[in-house]
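All remarks here apply to the structure that follows.
Because the structure is predicted, anything quoted here is derived from the model rather than measured.
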Amino acid sequence: MGFFDNHGLSFRRKKALESGLDSDLLGIEKAMKEAKIPEIEKKKALKRSVEHGLEAAPSIGDRTISTFTREPRPAYAGIPTFLRTPFLEDVRHVGEYDVAFMGVPFDIGTTYRAGTRFGPEAIRRISKLYTSYSYEKGVDLKESLKMCDVGDVFTIANIEKSFDQIFKAVSHVFNQGTLPVMLGGDHSIGYPCLRAIAEHVDGKVGIIHMDRHLDLQEKDMDERMHTTPWFHATNIPNAPASNLVQVGIGGWQVPRDAVKNVRKFNTTVMTIGDIERLGIEKVAEIALERAWKGAKAVYLSVDIDSFDSGFVPGTGWPEPGGFLPREGLKFLDLVAREGICGMEVVEVSPPYDVSDQTALLATRVIADVLAAMVDAGKLGKKFA
């Protein structure tokens, strides 16, 4: 007899099976939850793929496969939109959707390593690796949400003119009642994105900003750069600095001019040290309390460099010591469950990335935020 015969089975019989622990496992709970999620949109997509892409060759046994792929299979094929959502050519119809993804391929505001203009392309490409279903969240985004990809904002080699373009694009989507999700691009886009949303909110807008850097200077090299968005955003009348919460700040790349503005504007800043001392749940609670105080809506800005640089090499200003992915995703889950009015994920720089891991984490951030909102009943359809 081997070890298992003498020990393993009896151990499991004495400990695990008698305890009934399997009934308390999240893995089992989520498996049960999956049974309640329909597969209506999946079946529609397979049928449409065969209709539009022709029936497969006679030798193919699985008759849901088409000749030309028009659905998420295989992951390495197909024209990339974010999470394989439909490309909406006529943006005048964006109001028919719950969520619209838009690329903002802009890096004129970078102060060190450029390349984030290629961020939207990289995020879309690696997002093909994902299905629309999350086992841990118990949510299938395509069954719960009507989503589209509206393509990229036409940005040009001029900071202020590009800000005008970004402002108009985000304003159009938000004004149609659709949640805008921006794929950056450098962090300077935070200002025009927030300005576009605040214009249509009848009340204050709070900001939850994940970053290693404050981005609170007035100017950098005499321009509004990716180090300045929240100085200008909090000058918008209904986006006051008192509702700006910055989480994960630290390291050796925080200019003292920005720190002076923390005191001047009375913003809320929490470092990784605060996270270690207080825990993710408490930090999220503080962030939500400050951002939502007297506000009608909260905007979410995620700089991918808020995560430890070992996990996100593909970014313009990498800094060790940031969020571990599991910590950052937990924080985002807690924040998103209260609902957001829009979000951006910025500073993915593919020329410095390794195996697309930075772009993949950006994809995960967006997917997790949407799933948390669905699960909390803040967006789309929830299946109970």
Side-chain angles (χ1 to χ4, degrees), residues 31 34-105 118-135 137-154 169 172-173 176 178-183 348 350 353 355-357 359-360 362-364 366-368 370-371 374 379-381 383:
E34 188 276 336
K36 300 174 183 178
I37 303 172
E39 295 186 278
I40 297 169
E41 296 304 319
K42 176 184 176 180
K43 291 175 181 177
K44 284 182 182 177
L46 292 174
K47 182 180 179 182
R48 186 167 55 247
S49 182
V50 172
E51 289 175 349
H52 294 181
L54 306 181
E55 288 189 3
S59 60
I60 305 299
D62 182 353
R63 302 313 293 173
T64 65
I65 292 175
S66 55
T67 300
F68 294 92
T69 183
R70 295 290 186 272
E71 42 110 347
R73 300 175 301 174
Y76 52 80
I79 299 170
T81 57
F82 188 74
L83 291 181
R84 302 286 191 122
T85 53
F87 172 63
L88 182 63
E89 187 169 15
D90 189 345
V91 295
R92 289 171 295 186
H93 294 287
V94 72
E96 299 170 12
Y97 295 84
D98 300 309
V99 180
F101 305 108
M102 74 174 76
V104 188
F118 301 109
E121 178 185 35
I123 294 169
R124 286 185 175 108
R125 185 180 67 248
I126 199 63
S127 78
K128 295 198 299 180
L129 193 63
Y130 276 11
T131 69
S132 61
Y133 166 69
S134 166
Y135 178 66
K137 302 288 186 188
V139 169
D140 190 317
L141 293 178
K142 288 188 178 178
E143 297 296 334
S144 292
L145 298 172
K146 191 173 182 185
M147 303 179 292
C148 67
D149 191 322
V150 294
D152 291 341
V153 179
F154 196 139
H172 172 74
V173 170
Q176 301 302 309
T178 301
L179 181 74
V181 177
M182 282 64 75
L183 319 177
V348 173
D353 209 357
S355 301
D356 295 316
Q357 67 187 68
L360 182 62
T363 298
R364 177 67 184 267
I366 295 168
D368 272 25
L370 294 178
V374 168
L379 184 68
K381 294 179 290 185
F383 301 103

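- Shown here for Gly380 and Leu145, the closest heavy-atom pair between the two residues is CA-CD2, 3.5 Å.
- Side-chain atoms of Ser66 never come within 3.5 Å of backbone atoms of Val50 as a donor-acceptor pair (strictly under, hydrogens ignored).
- Between Glu143 and Lys381, none of the side-chain N atoms (NZ, or NE/NH1/NH2) sits under 4.0 Å from a carboxylate O, so this pair counts as no salt bridge.
- Residue Glu55 qualifies as open at atom CD: its count of foreign heavy atoms under 6.0 Å is 12 or below.
- Here the shortest heavy-atom pairing between Ala371 and Lys137 reads CB-CG, 3.8 Å.
- Note on residues 76-89: no pairs pass salt bridge (charged side-chain N to carboxylate O under 4.0 Å, His left out), not counting sequence neighbours.
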Worked verdict on Leu179 versus Leu370 for side-chain contact (heavy atoms from CB on, under 4.5 Å): CA-CA 10 Å; Leu179 181 74; Leu370 294 178; 3.8 Å; yes
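- The local environment of NZ in Lys42 is sparse, with at most 12 non-hydrogen atoms from other residues, nucleotides or ligands closer than 6.0 Å.
- Annotation for Ser144 and Asp98: closest pair O-OD2, 4.4 Å, computed over non-hydrogen atoms.
- Residues Tyr97 and Thr85 have side chains not in contact (no heavy-atom distance under 4.5 Å, counting atoms from C-beta outward).
- Counting only heavy atoms from C-beta outward, the side chains of Val181 and Met147 never approach each other to under 4.5 Å.
- Remark: Ala31 engages Tyr135 in a side chain to side chain contact (heavy atoms under 4.5 Å, CB included) (not counting sequence neighbours).
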Derivation of the salt bridge (Lys or Arg N to Asp or Glu O under 4.0 Å) call for Lys44 and Glu41: CA-CA 5 Å; Lys44 284 182 182 177; Glu41 296 304 319; 3.5 Å; yes
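- Heavy-atom contacts from other residues, nucleotides or ligands closer than 6.0 Å to CZ of Arg63 number more than 12.
- By the salt bridge (Lys or Arg N to Asp or Glu O under 4.0 Å) test, Glu71 is found to be paired with Arg73, residues two or more places apart in sequence or in another chain being considered.
- Atom CG of Leu83 is separated from atom CD1 of Ile366 by 8.0 Å, given to the nearest 0.5 angstrom.
- Annotation: side chain of Leu129 is not in contact with side chain of Asp356 (no heavy-atom distance under 4.5 Å).
- Evaluation of the salt bridge (Lys or Arg N to Asp or Glu O under 4.0 Å) rule for Asp140 yields no partner, not counting sequence neighbours.
- Residue Thr67 comes nearest to Ala57 through the heavy atom pair OG1-N, 4.5 Å, listed as atom of the first residue, atom of the second, then distance.
- Minimum heavy-atom separation, Val94 to Thr178: O-OG1, 2.8 Å.
- The backbone N or O of Tyr133 sits less than 3.5 Å from a side-chain atom of Thr131, completing a donor-acceptor pair.
- Of the candidates Asp149, Thr363, Thr81, Arg124 forms a side-chain hydrogen bond (donor to acceptor under 3.5 Å, both in side chains) with just one, namely Asp149.
- The structure places CZ of Arg125 at 6.0 Å from CD of Glu121, a figure rounded to the nearest 0.5 Å.
- Summarising the geometry, atom CZ belonging to Arg70 is positioned 11.5 Å from atom CZ belonging to Arg48; distances are rounded to the nearest 0.5 Å.
- For Asp353, there are no salt bridge (Lys or Arg N to Asp or Glu O under 4.0 Å) partners, not counting sequence neighbours.
- Atom CD1 of Ile126 and atom CZ of Arg364 lie 14.0 Å apart (nearest 0.5 Å).
- Screening residues 52-95 for ring-ring contact (aromatic ring centres under 6.0 Å, His included) gives Phe82-Phe101 as the qualifying pairs, with residues at least two apart or on separate chains.
- In terms of heavy-atom proximity, Ala100 sits nearest to Val150 at CB-CG1, 4.2 Å.
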